[in-house]
Amino acid sequence: MKILDIINTGSKELKLNHVNSYRLDSEILMSKVLSKRREEVLINLDQELNNKQILEFNQLIRRRASKEPIAYILEQKEFWSRDFKVNRHTLIPRPETELMIEKLIQIFKNKSISILDVGTGSGCILISLVSELKNASGVGIDVSKKALQIAKKNAYLNKINNKVKFLKCSFEHSNFKKFDLIVSNPPYIERGKIKRLNDDIKNHEPWVALDGGNDGLDVIAKVIYKARYTLKINGTLALEIGNGQFKKVSKLLRNNNFRLINNIKDYKENTRCIISNLI
Ligand code: GLN
């Protein structure tokens, strides 16, 4: 059978299973099977596939039909124009988080800083920052050993493994020397709302990376409290937050001696990141 026919069949099956991006996903999964770029696949639609390739493609379509995110099937996600390995033990890096990276690079350009990334997951935040800020180095911590394995691979793939360390520990119980910058994209979804998220997220992404407790602020509050004792004076805390959490989080920050210096809004004008300095 020809590539075009197989892509069409896959696309139909995904549509039937309510995958919105059915056509695109079918094409992407075909490029994975053929180990070719999507553009290259699309100019060779008349090419015949062998049975092994068809079988492999059908398996991938079945995974996507069950709402497994494309990033997990490809084991890869682009973030800040770099490739990151991901799997079901790491949250999939999101474009909102790139807004935080952009701002931090502006602020710390040419500065020599030490960074702590709390709940590093795939390591995407720390690795992107250290790759851009040539004089920076840092530590990424996470409670998930399996996520840290991926973060370490990503540091190696991005050729900065000599400038970052990844450690398994909870921030609450850590005892580090003080840092210039602490970044965190903590779990901030209200527990009761997790079941309302898309199947892609709630059935496949790690709960520990999403669940922010009853009001979504459990982890954020712990990070703010501990950051106060883990930052140098005038050090910076950059936090990603959920929709509608700005008021409560800014209050927590002020109560813990932080001065707000920047809010970053997403494309829908919601504040999604707060940058503050320790007074
Ligand atoms: N730091 C990682 C990211 O931003 C993981 C965040 C998390 O697991 N909550 O993607």
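One-based numbering, in listed order, for ligands and for the atoms of each.
The pair Arg64-Glu68 does not count as a salt bridge, with every side-chain nitrogen at least 4.0 angstrom from each carboxylate oxygen.
With sequence neighbours left out, Arg37 forms a side-chain contact (heavy atoms from CB on, under 4.5 Å) with Glu39, Glu40.
Relative to the six-membered ring of Tyr156, Lys159 misses at least one condition, a distance below 6.0 Å or an angle of at most 45° to the axis.
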Please tabulate protein-ligand N/O pairs under 3.5 Å for ligand 1, atom names and distances to 0.1 Å.
from, atom 1, to, atom 2, distance (Å)
ligand 1, 1 (N), Gly119, O, 3.1
ligand 1, 1 (N), Thr120, O, 3.2
ligand 1, 4 (O), Asn185, ND2, 2.8
ligand 1, 9 (N), Asn185, O, 2.8
ligand 1, 9 (N), Ala209, O, 3.1

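Inspection of the Glu240 and Ser184 side chains reveals no N or O donor paired with an N or O acceptor under 3.5 Å.
At a threshold of 4.5 Å between non-hydrogen side-chain atoms, the residues Val86 and Ile150 do not count as touching.
Atom OH of Tyr225 is surrounded by 12 or fewer heavy atoms from other residues, nucleotides or ligands within 6.0 Å.
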